[in-house]
Amino acid sequence: MKTYKCKICSTEWTVEDNEVVKFCPVCYTKVGIDESINEVNTKAIFRQVQGLLENNRFKEAVALLQRAITRGDAYAEYMLGECYNSGWGVDKDKDKAIELFTQSAEQGYVKAQYELAMSYCRSFTNDIEVLHSAEYWFDKALKQGFKCEKEQAIVKKKLADLYEFGVSTAMDEVRALELYEEACDLDITSLGYEVPLCYFYGIGVEKNYKMASIIFDTFANNGNILSKKYLAICYQNGLGVERDIEKAMSLYKEVYEDELKLIETSYDENNEESVANHDENLFSQVSMQLSKYNDLEKWLIKASEKGDLYGECELGWYYFHKAIWYTKKVNYSSKVVANEKSKLLQTDKLQQYYDTAFKLFESSSNKEFRNAMYLLAYCYEYGLGTKKNLKLAKKYYKNAITPEDTFAKKILKKPKFWFR
């Protein structure tokens, strides 16, 4: 075992002999290097500032820090930045905080590097230069041993989205995939489905169903509902895996049950506003739930434009799915009485979702894509996005079945649980 003592705050701690220590766990001062400023003064500043802040004597702390930064004290620059960031003893000034964090970060103060990166992230910007700056400072902090893998992963994902869809920069699908994979390596929970979708649809990489199915399986086991659905598609159609109808049916049912739980638990019954008078708010709630799927619509549009029939069919399902979620939210709301429910379920937006879904299912079906035929038949059977037509429903159900297609036969014998 090895014992360290910080020269600045006097903290002592013990680590294993093979463990590398790069900074103090309390004040984040670098360990094992010569300080460029007077160590005694810095130590005194640290203790005085901590005492003043703990007793809410913010203005006195700010005055002390302002004197210290004239000597280039990295800790003082960082703490004064925190004061401006939080409004302790001074008016809040985010720009001033970033300026001070930058000065401290450039001297190698690891916590300032982290806070600077977080400040860029909190700007909620799509400016690629700002996000690259956040990525740079997270990387610097990580290399010094600061634990910020999750935050770094989120920044990489945001950058990847910009490269993927060409927002604020030239589109670069290959670079996007690289960033998604780097984010995944840092923290798998920061992504929902982006990496496997690239392989599934051949976006930024050659199409590879086997690789996609492996990653979908990993994400599905991590609780991602959409990855579970795509894994079901893989088993249903034998894409990258051996075809297994029972497995596909089981996964589709799990997806339905998982989403039903989300709907049941997400609606805030304590909301004082009547849902009946705020159907637009209800659509917003649905969109928030669908944000679990992040930017799925953009991905599916891209795949559809590439001529991928799975992409076109799934884009139709996306709109169909939004309509289903809205309908279920109305039905699950105890604040909506029967006559109001009928009114809410006849909104133009709901009909637009069904109309768009129907057109996409019809387009895929006309290209002999059997997966879409099941969905098109369902639309005809229940008059969703089109007039009810049982004759056409029967025709498309029949066309969807081939002699060896046990999946369609099983579906027609069992309740269509993922629609209801």
Side-chain angles (χ1 to χ4, degrees), residues 197 200-201 225-226 229-230 232-233 236-237 248 252 255-256 259-260 263 279-280 282-284 286-287 289-290 293 295-331 341-402 405 407-409 411-412 414-420:
L197 276 190
F200 189 88
Y201 289 122
I225 298 175
L226 185 70
K229 179 179 186 290
Y230 267 88
I233 293 172
Q236 175 192 342
N237 299 282
Y252 278 127
V255 170
Y256 168 77
E259 291 185 343
L260 199 59
I263 295 169
D279 55 304
E280 286 298 320
L282 195 56
F283 269 110
S284 296
V286 176
S287 296
Q289 289 304 312
L290 284 172
Y293 290 43
D295 296 315
L296 179 59
E297 183 180 13
K298 294 178 183 177
W299 286 87
L300 296 176
I301 288 173
K302 177 175 280 196
S304 179
E305 289 174 347
K306 287 177 177 288
D308 191 294
L309 292 178
Y310 284 104
E312 183 177 59
C313 182
E314 285 303 308
L315 181 59
W317 171 249
Y318 174 84
Y319 293 117
F320 196 89
H321 195 247
K322 289 187 78 169
I324 293 168
W325 272 58
Y326 175 80
T327 302
K328 287 185 182 295
K329 272 195 166 290
V330 171
N331 289 328
K341 286 183 179 182
S342 177
K343 181 180 177 182
L344 280 172
L345 294 176
Q346 294 176 12
T347 62
D348 291 340
K349 188 171 287 188
L350 185 64
Q351 191 58 46
Q352 286 172 10
Y353 288 149
Y354 281 127
D355 290 347
T356 304
F358 174 81
K359 289 175 183 176
L360 288 161
F361 295 151
E362 187 177 44
S363 173
S364 297
S365 296
N366 290 340
K367 297 164 189 169
E368 302 298 320
F369 190 60
R370 296 185 184 279
N371 287 33
M373 291 179 186
Y374 306 134
L375 299 165
L376 185 63
Y378 189 89
C379 289
Y380 276 122
E381 182 179 359
Y382 293 98
L384 302 172
T386 186
K387 290 183 179 180
K388 183 183 289 190
N389 189 322
L390 296 180
K391 185 176 180 180
L392 284 175
K394 185 176 180 181
K395 171 190 170 183
Y396 281 105
Y397 277 133
K398 185 177 179 180
N399 288 349
I401 302 174
T402 59
D405 195 347
F407 180 81
K409 292 175 183 177
I411 288 297
L412 295 179
K414 293 186 177 184
K416 303 177 186 70
F417 45 73
W418 47 78
F419 292 116
R420 294 179 177 170

The complete set of salt bridge (Lys or Arg N to Asp or Glu O under 4.0 Å) pairs with one or both residues in residues 307-320, sequence neighbours excluded, reads Lys207-Asp308, Lys229-Glu314, Glu312-Lys367

So salt bridge (Lys or Arg N to Asp or Glu O under 4.0 Å) across residues 384-395, not counting sequence neighbours, yields none

Do Tyr252 and Tyr256 have ring centroids that are under 6.0 Å from one another?
no

Aromatic contact, Tyr354 with Phe320 (centres under 6.0 Å): yes

[atom1]/[X] to [atom2]/[Y] distance, rounded to the nearest 0.5 angstrom?
X: Asn371; Y: Leu309; atom1: CG; atom2: CG; answer: 9.5 Å
X: Leu226; Y: Trp299; atom1: CG; atom2: CH2; answer: 11.5 Å
X: Asn237; Y: Arg370; atom1: CG; atom2: CZ; answer: 11.5 Å
X: Tyr318; Y: Leu360; atom1: OH; atom2: CG; answer: 13.0 Å
X: Glu362; Y: Thr386; atom1: CD; atom2: OG1; answer: 7.5 Å
X: Cys379; Y: Leu376; atom1: SG; atom2: CG; answer: 6.0 Å

Nearest non-hydrogen partners of [X] and [Y], listed with the distance:
X: Tyr396; Y: Ser365; value: CE2-CB, 4.2 Å
X: Phe361; Y: Trp317; value: CE2-N, 3.4 Å
X: Gly385; Y: Asp355; value: CA-OD1, 3.3 Å
X: Ser364; Y: Cys313; value: OG-N, 3.7 Å
X: Ala303; Y: Gly311; value: CB-CA, 4.0 Å
X: Ala232; Y: Ala248; value: O-CB, 3.6 Å

Just by modelled atom types, is the Gln352 backbone N or O under 3.5 Å from a matching donor or acceptor in the Thr356 side chain?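 Yes, because the side chain of Thr356 sits within donor-acceptor range (under 3.5 Å) of the backbone of Gln352.
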
Exercise. Kindly write out the residues that satisfy side-chain hydrogen bond (donor to acceptor under 3.5 Å, both in side chains) with Tyr310, not counting sequence neighbours, or none if the list is empty.
Key: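 Checked Tyr310 against side-chain hydrogen bond (donor to acceptor under 3.5 Å, both in side chains); zero matches.
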
- Query: Do we see a donor-acceptor contact under 3.5 Å between the side chains of Tyr319 and Glu297?
  - Reply: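 Their side chains do contain a donor-acceptor pair, which is all the 3.5 Å distance test asks for.
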
